[in-house]
There are 2 protein chains.
Amino acid sequence: MLKEKYNQYSFILDRTARRVKQFAQTAFAQNNFDLTVDQWTAMRIIHENSAMTNKELAELCGKDQPTFTRIIDLLIKKGLAERAVHPSDRRCLTLRITENGVTKINQIAPKVAEFRMQAWQNLSEEDFKDFVRILDTIYTNLTIKDE
Amino acid sequence: MLKEKYNQYSFILDRTARRVKQFAQTAFAQNNFDLTVDQWTAMRIIHENSAMTNKELAELCGKDQPTFTRIIDLLIKKGLAERAVHPSDRRCLTLRITENGVTKINQIAPKVAEFRMQAWQNLSEEDFKDFVRILDTIYTNLTIKDE
DNA sequence: TGACAATTATTAGTATAACAAATATAAGCA
DNA sequence: TGCTTATATTTGTTATACTAATAATTGTCA
């Protein structure tokens, strides 16, 4: 029964992450952003790492390639991103946020930050540090070693 | 740019929760548990709260009712759970884990605890306390107030 | 009592994301 | 050249989230 608590921790982690995501998703919908949270994350990461290949960006987003491809497809369909061939390796793709996409990012980024803040009330700077450190430890614990 | 960090926290939380879930799901598959993590959670919660109604159990699982209904449908199809009418309110349902389901829980619970442990290495008891407190604070911050 | 509102659960439809397998194209290398 | 590897997409399946609608039951109150 000693190990039972790990089950509980996993549950708490999952439950909290789900609520944070749902909260953001609801705010997105109410403000007619026409984006899912994952699409928004992808947009931000592509925008901030414009030189990277598709594969690297997928990894940064924490998505596997087919999932990432589909997210990009949706962004392209909305006219927010576009694919371009890699200058030196024609297997690779580079992704770019379109002009419309950049406009959208600039429009909604401050509002998103506003929504996000609500989750982090009643926590100290010390808590934030612990939060990041603990979650990063967990993440690293489950990373495949040989990479 | 000050608020940008909240975006980052949300991302870290989501990424970590996803990895923990994926790790467990992969272990479930490799050991032929024939369950998703969510189905496993539902089973445990139903088993530990046998007197509760469908609605209360859904809430405990952190699922809305249609989603919960579908998870239960899958458990029933696998012969692991069953529905029963509520003794005093015929609108309500009570859920029960079947004999097969209990056997399954007893079989795999120790193994699940084993998998789960790997995520929590390199963390102190103090960290666990902070982890639970911080996540619960976040969860509560996003709870609808009038309930 | 009888009409109406509220509650519980299901059903159905849609969208997104996760995962696996297969394919196409290109690069690296013996 | 021929073989292997890497990158990205495509396709198919499954699970979950969300919304709206429905059915059955209960509660309320005039």
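Naming convention: chains lettered A, B, ... in sequence-line order (proteins, then strands); numbering from 1 in each chain.
- Side chain of B:K111 to backbone of B:N31: no donor-acceptor contact under 3.5 angstrom is found.
- At D:dT16, one or more side-chain N or O atoms of B:T36 fall inside 4.0 Å of OP1 or OP2 (strictly under the cut-off).
- At distances below 3.5 Å, at least one donor-acceptor pair connects side-chain atoms of A:Q25 with backbone N or O atoms of A:V37.
- Distance, A:D14 CG to D:dT16 C1': 11 Å, rounded to whole Å.
- Atom pair B:I71:CD1 and D:dC18:P shows a separation of 12 Å (rounding to whole Å applied).
- The nucleotide range of DNA chain C contacted by chain A, defined by atoms under 4.0 angstrom from heavy atoms of the protein and reported 5' to 3', is C:dT16 to C:dA27.
- Summary of the strand contacts: A:R91 and B:T94 both lie near DNA chain C, and taking for each the nucleotide with the nearest heavy atom, the more 5' one is attributed to B:T94.
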Passes side-chain hydrogen bond (donor to acceptor under 3.5 Å, both in side chains), A:S10 versus A:N7? Steps please. CA-CA 5 Å; A:S10 307; A:N7 240 323; 5.4 Å; no

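- Considering B:T94, B:D73, B:T69 in turn, B:D73 is the only one that fulfils the side-chain hydrogen bond (donor to acceptor under 3.5 Å, both in side chains) rule with B:R83.
- If you check distances only, the side chain of A:R70 does reach the base of D:dG12 with a donor-acceptor pair under 3.5 Å.
- We find the CD1-OG1 distance between B:I72 and B:T67 to be 11.5 Å, quoted to the nearest 0.5 Å.
- The stretch residues 21-34 of chain B comes close to DNA chain C through B:Q22, each having a heavy atom under 4.0 Å from the strand.
- Classified by interplanar angle (parallel below 30°, tilted 30° to 60°, perpendicular above 60°), the ring pair A:F115/A:F33 is tilted.
- Along DNA chain D, the nucleotide nearest A:C92 and the nucleotide nearest B:R90 are compared for position; the residue whose nucleotide lies closer to the 5' end is A:C92.
- Heavy atoms of B:T67 sit under 4.0 angstrom from at least one base atom.
- In this structure, the salt bridge (Lys or Arg N to Asp or Glu O under 4.0 Å) partners of A:E125, at least two apart in sequence or on a different chain, are B:K5.
- B:R15 forms a cation-pi arrangement with A:Y139, by the criterion of a distance under 6.0 Å to the ring centre and an angle within 45° of the ring axis.
- Map A:D73 and B:G62 each onto its nearest nucleotide of DNA chain D; the residue landing nearer the 5' end is A:D73.
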